[in-house]
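One structure below.
We count ligands from 1, going down the list as the structure has it; atoms in each ligand are counted the same way.
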Amino acid sequence: MPPISKLHTEEGFVEATDLSRWRLKVGHGRQIWHYLENGEVENWPQSIIEKYWLGLPFESKEFDKPKTALEAARNGFEFFKQLQTEDGHWAGEYGGPMFLLPGLIISMYITRIPIPESWRIEIIRYLFNKANPDDGGWGIHTEGQSTTFGTALNYVVVRILGVDADHPYMVKARATLHKLGSAIAIPSWGKFWLACLNVYDWEGMNPIPPELWLLPYAIPFHPGRYWVHCRAVYLPMGYMYGRRLSVDINPFIESLRQELYVQPYDTIDWVRARNNVSNADIYLPRTKSLTLINIILNVYEKLPNLFGLRQISLDEAYKLMQYEDENTDYLDLAPVSKAIHILCTYYEEGSNSEAFKLAKERLIDFMWMSSEGMMMNGTNGSQLWDTAFAAQACIEAGLANNTENHKVMLKTLEFLDDAQIKRNPTNMEYCYRHPSKGAWGFSTRDQGYTVSDCTAEGMKAVLYLQNRLDYTPNLISKERLYQAVDILLTMQNNDGGFASYEKVRGPEFLEWINPSEVFGKIMIEYSYPECTTAVLTGLSIFRKYYPDYRADEIEKVCQKAANFIHATQRNDGSWYGSWAICFTYASMFALESLAYFGETYNNSKSVRKGCDFLISKQRKDGGWGEAYKSCETGIYHEHSQSQVVNTAWALLGLMSAKYPDEKPIQRGIELLMSRQLSTGEWKQEAIEGIFNKSVAISYPNYKFIFTIWALGKYAKIYNNPIIKY
Ligand code: LAN
């Protein structure tokens, strides 16, 4: 291992690797951060992409202060295109949630997967960087206040990685954990991880019976009807719970048992601990229905194992997990289920099995290296999503025809070609999967899950690239575009809206028995304005180029989608966004899609209200700035400062709607231009994304994509006037 530098902080020092040795390997969207060890050939210079994401200095062209929005857009893209990877996508950090690394590290510890030294050092550094400065604890996400969930789990991670319990950071974090109620009061997902690690008793968990999978699908609470992420997590959790598996006790585990609690471990009343959750953590208080169900399930757990049902259901659960592994090339749907799967594989098949080896090789796909250390991404990346938008931004901004951008756009198209999912999952019906042939997912083709809006955005990007530029080949055939449309047409809900991965399959009352305590609206799929607007826009563009394909059906689907968008508009004219912050985000998409559907400021009351809402939130400096609290509370919250990303969204919404007054739009453009650096880039501002109402997640490429898009669109609509700022 090459030398480690020691970064000094007030409380001592934190080790760091030599950042100049990190390299990002890519292929088919796969992103792997590799640390050059001593003796490795070093004629592999660090690229701008690596330097950018590691926060290291690099040379980049500097521009004179732009006079027009088009010039600013061009400079922005000149910078941004340097970050395109060899395989044609835009990579990026996808951090924010603070409950992902713990699953990974606890699983690696239990299954004895060696943790590379470079990871060890950088994960510790990341967690120390993300600890809340006042109390040393961690929240559920990087911007949140300390909770037992974040603090107990990340404390355990740092300890596993070798930091002593009497390190000043640990002392401080432990005091905070104890103040918040100690690890007894950790929410259920935390109880689960601690039980696997044998520092919490399985008795202290409310049951997750794997038998649920044996119920007939017709029953409304069959797990096959849950939101795909919910069932993907509870499937392997149920397996582990059903077998009550934990790592063997050893002196380290014994020490953790002392550190995490304020009373001796043997004196803890585990039955009481089941329902003990710290107030600092609760997003969703437990309902009476859930309490009742837990009582019944706890009685069931005490009954004799009837007809060997437990074993039958464990076999069924494991079979479903195997299909999931195979269908996703061992990536699994997302990092939480991935980390539990690897534990289940270890216990079921052993560490020498082929399945375990394949699963292990995919862990690295989730790791992201940054200037602040190493984190686990929220998915195996946001490749398709960012790249589809980057293409649209470049084309819509009128930059794609410039010869210097041809190569970039050609590579983008190649990536989109590669990322389209070419097949349905095997045993599709058996494992409750939606078809995927022709769809695009959020990250890579290997991951393989259809997402409605990703399919729509992927298709839109291809339609633009192949039809609006004269130098691009038709890499994606008409038939393959038809397949994408076919998938979209299977995804509309009865209310006209589109959900994220599938149609809504279960009743909304399932939310009453949401056992997570920390996430809202996770039990079933819901129709989302953002997903619906993306599909409406995508289909509207598709039918311009292919007017004969399933025309009547597309017309009906679009009409119903537009009705849904009208129906979900709030009284103040806004739309609530579930996947980024928040009203500015969803309102942009809504106004864009309504414009494609023929509704603009002049002819639609709804669009007028939407614009008036946005205008009412414009700030004195010409920008918009929305805080993630909007998503938690459902009420518009101002950020302390205007944000380029919110500003770009609001401007794009207004411009799509053909808002008649140029003045406010121009003021927003001035703000975007005033924040641009001489290299063409914009600096990172507040976190952009959100999920499950309570967890913030970063989309660092948005500050480029949407700003460039807004600037270019402005230049086109208003004939690119000189801007003073
Ligand atoms: C995502 C990221 C992308 C997002 C959009 C495409 C933006 C959205 O429009 C549809 C939903 C989707 C695909 C989405 C769903 C939930 C995800 C996968 C995430 C927010 C990224 C991380 C999150 C996942 C659930 C994280 C793991 C945590 C659990 C609670 C299981």
Does the side chain to side chain donor-acceptor pair (under 3.5 Å) test come out yes or no for S698 and E688, once each step is laid out? CA-CA 5 Å; S698 64; E688 305 83 355; 5.2 Å; no
Evaluate the criterion side-chain contact (heavy atoms from CB on, under 4.5 Å) for residue pair I565 and W575; output intermediate values, then yes/no. CA-CA 8 Å; I565 294 163; W575 284 268; 3.6 Å; yes
Pair E502, R231 - check salt bridge (charged side-chain N to carboxylate O under 4.0 Å, His left out), show working. CA-CA 13 Å; E502 295 159 350; R231 69 174 187 261; 2.6 Å; yes
Apply the test salt bridge (charged side-chain N to carboxylate O under 4.0 Å, His left out) to residues K130 and E372: give CA-CA distance (whole Å), side-chain angles for both, the deciding distance (0.1 Å), then the verdict. CA-CA 8 Å; K130 294 299 170 188; E372 295 180 297; 2.8 Å; yes
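Of all protein heavy atoms, the one closest to atom 3 (C) of ligand 1 is F442 CE1, 3.3 Å. Nearest protein heavy-atom contact of atom 7 (C) of ligand 1 is W385 CZ2, 3.7 Å. Of the protein's non-hydrogen atoms, the one nearest atom 13 (C) of ligand 1 is Y501 OH, 3.5 Å. Nearest protein heavy-atom contact of atom 9 (O) of ligand 1 is D453 OD2, 2.3 Å. Annotation: atom 27 (C) of ligand 1 to nearest protein heavy atom, V336 CG2, 4.0 Å.
When non-hydrogen atoms are compared, ligand 1 lies under 4.0 Å from the side chain of Y699 (C-beta onward) but not from its backbone. No part of V695 comes within 4.0 Å of ligand 1, judged by heavy-atom distances. Residue contacts with ligand 1 for W227 involve side-chain atoms from C-beta outward but no N, CA, C or O (heavy atoms, distance under 4.0 Å). Of all the heavy atoms of C454, the ones lying under 4.0 Å from any atom of ligand 1 belong exclusively to the side chain.
Between W189 and ligand 1, no pair of N/O atoms sits closer than 3.5 Å.
Which parts of ligand 1 touch G378 is read off a 4.0 Å heavy-atom cut-off, strictly below it: atoms 22 (C), 26 (C). Against a heavy-atom cut-off of under 4.0 Å, N692 is close to the following atoms of ligand 1: 30 (C). Every atom of ligand 1 with a heavy atom of V233 under 4.0 Å away is listed here by number and element: 31 (C).
Using a 4.0 Å cutoff on heavy atoms, Y94 counts as a contact of ligand 1.
Around atom 16 (C) of ligand 1, the closest heavy atom drawn from H229, E525, M376 belongs to H229. Considering only non-hydrogen atoms, atom 12 (C) of ligand 1 lies nearest to W579 out of W579, Y528, F589.
Checked against D332 for a side-chain hydrogen bond (donor to acceptor under 3.5 Å, both in side chains), the options H341, Q447, R362 give a single hit: H341.
Under the 4.0 Å criterion applied to side-chain N and carboxylate O atoms, R480 and D417 are assigned as salt-bridge partners. Salt bridge E396/K460: absent, no basic N to carboxylate O contact under 4.0 Å.
Both tests hold for K521 against Y526: distance to the six-membered ring centre under 6.0 Å, angle to the ring axis within 45°. In this structure, R570 is not positioned above the aromatic face of F583 in the sense of NZ or CZ being under 6.0 Å from the six-membered ring centre and within 45° of the axis.
Annotation for K560: atom NZ counts as buried by contact number, over 12 foreign heavy atoms lying within 6.0 Å.
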